[in-house]
Amino acid sequence: FPVTIERPETLFESSEAAERSSVYPRYAEGRKVVARYVRFTALSLVPEPRQKARFIFCLGEIMVFSGGRNVALGAAVLAPASAESNPAWAVRHLVDGCHAMGIPSVPASSISNGWHSEIFKSPDQTSWVQLEFPQQEFIREIRLVPAHPADYPDRAGFGFPVRFKVETATDQNFSNPSLVYDSTERDFLNPEDTPVGFAFPE
């Protein structure tokens, strides 16, 4: 719902001297702020590689969580000084759910690798996995988390399909499914360790 903000509230502010390099995404606590807009402002830019006289500002993704859901997924983005160079650089990539790193948390050890299909002799075989809830749920977002098995540490995105589709239904036979995402006509780039999200309109 629309919210009127009388004054902006700063959630996070840093300086170059105070920052430490990190392999994890930067996380800022929201402190239960209610807002309709989130703005990230860069106050000091970095030199473009091999171009010391040119300076840039780049982000892989902006995620805003509310109740465990990334409400920024698919949001409208305003960036007046934007260099659009599809498919590599585009303002829509800030909220497309695909980025070079995982979710903003320190990874913990796991006793499992996830789920593994049976092994087929042809890439054209169809294999699926289906979830069933105790009752019908109002779905706001679906996230696919690629596998990265501990016994194959160099294989991020292990077994992630080249082509796939995501559907929902009200019956277990999927007699009248609703299509959420379809990449059956073109290959999907392996996301490696990046969760792939699909948001539903409110």
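Computed from heavy atoms alone, side chains included, the values below leave out hydrogens, waters and symmetry copies.
- Closest heavy-atom contact between Arg155 and His148: O-CD2, 3.9 Å.
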I would like to know whether Trp128 and Ser117 meet side-chain contact (heavy atoms from CB on, under 4.5 Å); could you show each step before the answer? CA-CA 8 Å; Trp128 52 267; Ser117 76; over 6 Å; no
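- Asn70 approaches Val64 most closely through the heavy-atom pair OD1-N, 3.1 Å.
- Each of Phe174 and Ile142 belongs to its own hydrophobic cluster when Ile, Leu, Val, Met, Phe, Trp and Tyr are linked at side-chain heavy-atom distances under 4.5 angstrom.
- Within the structure, side-chain hydrogen bond (donor to acceptor under 3.5 Å, both in side chains) pairs that include any residue of residues 173-191 comprise Arg163-Asp187, Asp171-Ser175, Asp182-Thr184 (at least two apart or interchain).
- In the hydrophobic clustering of ILVMFWY residues, with side-chain heavy atoms under 4.5 Å counting as a link, Leu189 and Val95 come out apart.
- Looking at Glu141, its side chain never comes within 3.5 Å of a backbone N or O of Gly197 through a donor-acceptor pair.
- A donor-acceptor pair is defined here as one N or O able to donate and one able to accept, closer than 3.5 Å; such a pair exists between the side chain of Gln130 and the backbone of Gln172.
- Heavy atoms from other residues, nucleotides or ligands lying under 6.0 Å from CG of Leu45 number more than 12.
- More than 12 non-hydrogen atoms from other residues, nucleotides or ligands lie less than 6.0 angstrom from CH2 of Trp115.
- Between Val77 and Arg92 the shortest side-chain heavy-atom distance does not fall below 4.5 Å.
- The cluster map of Ile, Leu, Val, Met, Phe, Trp and Tyr, joined by side-chain heavy atoms under 4.5 Å apart, puts Leu144 and Val162 in different clusters.
- Pro149 and Asn113 make their closest contact through CA-OD1, 3.3 Å (heavy atoms, listed as atom of the first residue, atom of the second, distance).
- When all heavy atoms are compared, the tightest approach of Phe160 to Pro191 is CD2-CD, 3.6 Å.
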Carefully, step by step, assess Val196 and Arg143 under the rule side-chain contact (heavy atoms from CB on, under 4.5 Å). CA-CA 5 Å; Val196 180; Arg143 296 181 193 174; over 6 Å; no
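- Shown here is Gln136, whose CD atom has no more than 12 heavy atoms of other residues, nucleotides or ligands within 6.0 Å.
- Of all non-hydrogen atoms in Met63 and Phe65, the two that sit nearest each other are CB-CE1, 3.7 Å.
- The heavy-atom pair separating Thr126 from Phe120 by the smallest distance is O-CZ, 4.4 Å.
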